[in-house]
Amino acid sequence: MNKIAKKIITFSNMEKSTRVNYFNTITYIYKFGYTIVLLVMAIIFYTPFYLISAIYSFGIGVSRIIYSRNFRNNDQKTFLKMSIVLLISNLFYLINMITLFFTKTEPYYHLIPAIAIAAVTFFNLTIAVIQLIKSFGENNVLLIGQRCILICSALVGLIITQTALLASMNQGDNMSIYNAMAGTLVGLINVIISCVMIYFYINKFKKA
């Protein structure tokens with residue numbers, strides 16, 4: 001018990017960026033694991049939605065690795081790399097959400113996994129918003145970038161949640177149009193977030 005207490009104290013005394021990096025490392029490992037799960041489900045159920053989500057999740061994981069390898073430097077170019085990877089991932093997601101209007105495909109979920117996804121997504125979104133608000137008072141652009149990534153990932157998680165709940169509760173009606181509408185909206189919001197990050201870099205650092 002004393003060892004656990006000592007580890008907790010040691011962790012709490014670390015620099016904030018170091019603590020955030022530990023959290024970031026755990027989450028990108030989780031993201032890559034989640035990507036593998038989605039890829040397996042895409043193959044088993046032959047559902048493009050899982051494949052789209054898996055590729056997007058992979059892009060988010062890459063942007064977090066970029067942060068993890070450079071978090072001590074507060075490097076402006078690293079912030080730009082994170083922003084570009086995030087923009088590419090969000091554009092990919094947006095384009096594929098638009099295609100759902102025409103393909104009308106929807107995945108299959110049981111109710112219990114759908115509820116679990118909803119609970120995890122709500123928790124992730126709450127944490128992401130709180131962390132993003134806190135980061136604006138800090139002079140660390142990489143922390144701001146990392147938390148923008150969290151926001152985008154959590155918003156996409158909302159679409160997965162909606163899709164899971166609709167698919168688990170529908171009585172034979174095709175709900176893909178609602179998934180396409182919500183996914184396109186979130187894709188647009190995330191692309192805007194990415195563009196604002198790049199604009200922030202150009203406006204603050206390139207002109208300096």
Side-chain angles (χ1 to χ4, degrees), residues 11 14-35 38 51-99 121-160 182-208:
F11 182 78
M14 290 178 180
E15 291 182 5
K16 190 165 189 177
S17 59
T18 304
R19 293 199 306 269
V20 170
N21 187 56
Y22 273 111
F23 170 75
N24 184 70
T25 302
I26 293 169
T27 53
Y28 80 63
I29 291 172
Y30 153 75
K31 272 294 176 185
F32 283 124
Y34 185 56
T35 298
L38 289 173
L51 183 60
I52 295 167
S53 300
I55 295 173
Y56 181 81
S57 182
F58 178 80
I60 292 295
V62 170
S63 62
R64 287 181 172 178
I65 288 176
I66 293 172
Y67 169 83
S68 186
R69 290 183 174 179
N70 300 277
F71 75 98
R72 293 185 183 278
N73 302 325
N74 194 22
D75 183 32
Q76 298 155 6
K77 289 185 178 179
T78 299
F79 178 81
L80 179 62
K81 290 177 184 177
M82 292 165 61
S83 304
I84 291 173
V85 172
L86 185 62
L87 177 60
I88 292 170
S89 300
N90 287 330
L91 283 172
F92 169 83
Y93 185 82
L94 174 61
I95 291 169
N96 280 281
M97 287 298 103
I98 292 172
T99 63
T121 299
F122 179 76
F123 174 78
N124 288 342
L125 184 60
T126 302
I127 294 299
V129 170
I130 292 172
Q131 293 298 317
L132 181 62
I133 292 171
K134 286 182 178 179
S135 69
F136 285 127
E138 301 167 2
N139 188 28
N140 189 320
V141 293
L142 294 190
L143 276 180
I144 295 174
Q146 195 262 355
R147 285 163 181 175
C148 286
I149 291 168
L150 286 178
I151 289 287
C152 290
S153 179
L155 288 174
V156 169
L158 286 177
I159 303 305
I160 296 175
T184 299
L185 177 61
V186 164
L188 282 170
I189 292 172
N190 284 354
V191 166
I192 290 170
I193 290 173
S194 308
C195 290
V196 169
M197 289 172 67
I198 293 173
Y199 174 79
F200 175 80
Y201 169 82
I202 295 172
N203 191 54
K204 185 169 183 177
F205 303 121
K206 276 291 185 180
K207 293 183 178 179

[atom2] on [Y] to [atom1] on [X], rounded to 0.5 Å:
X: Tyr201; Y: Thr78; atom1: OH; atom2: OG1; value: 10.0 Å
X: Gln146; Y: Phe79; atom1: CD; atom2: CZ; value: 12.0 Å
X: Leu91; Y: Leu188; atom1: CG; atom2: CG; value: 10.0 Å
X: Ser83; Y: Ile66; atom1: OG; atom2: CD1; value: 9.5 Å
X: Ser63; Y: Lys81; atom1: OG; atom2: NZ; value: 13.5 Å
X: Leu94; Y: Ile98; atom1: CG; atom2: CD1; value: 4.0 Å

Considering non-hydrogen atoms only, spot the tightest contact between [X] and [Y] and give its length.
X: Ile149; Y: Met82; answer: CD1-CE, 3.7 Å
X: Met197; Y: Cys148; answer: SD-CB, 3.6 Å
X: Ser194; Y: Asn90; answer: OG-ND2, 2.7 Å
X: Tyr93; Y: Gly183; answer: CE2-O, 3.7 Å
X: Cys152; Y: Tyr56; answer: CB-OH, 3.5 Å
X: Ile60; Y: Ser89; answer: N-OG, 4.3 Å

(request) Would you indicate whether the side-chain heavy atoms of Val156 and Asn190 approach each other to under 4.5 Å? (result)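 Yes - at least one pair of side-chain heavy atoms lies under 4.5 Å apart.
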(request) Decide yes or no for Phe58 and Val62: does some side-chain heavy atom of the first lie under 4.5 Å from some side-chain heavy atom of the second? (result)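 Yes - at least one pair of side-chain heavy atoms lies under 4.5 Å apart.
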(request) Ignoring hydrogens and angles, tell me if any N or O in the side chain of Ser57 forms a donor-acceptor pair with the backbone of Ala54 under 3.5 Å. (result) no
(message) If the test is side-chain contact (heavy atoms from CB on, under 4.5 Å), which one of Leu87, Leu86, Asn203 qualifies with Ile198?
(response)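 The single option meeting the side-chain contact (heavy atoms from CB on, under 4.5 Å) with Ile198 is Leu87.
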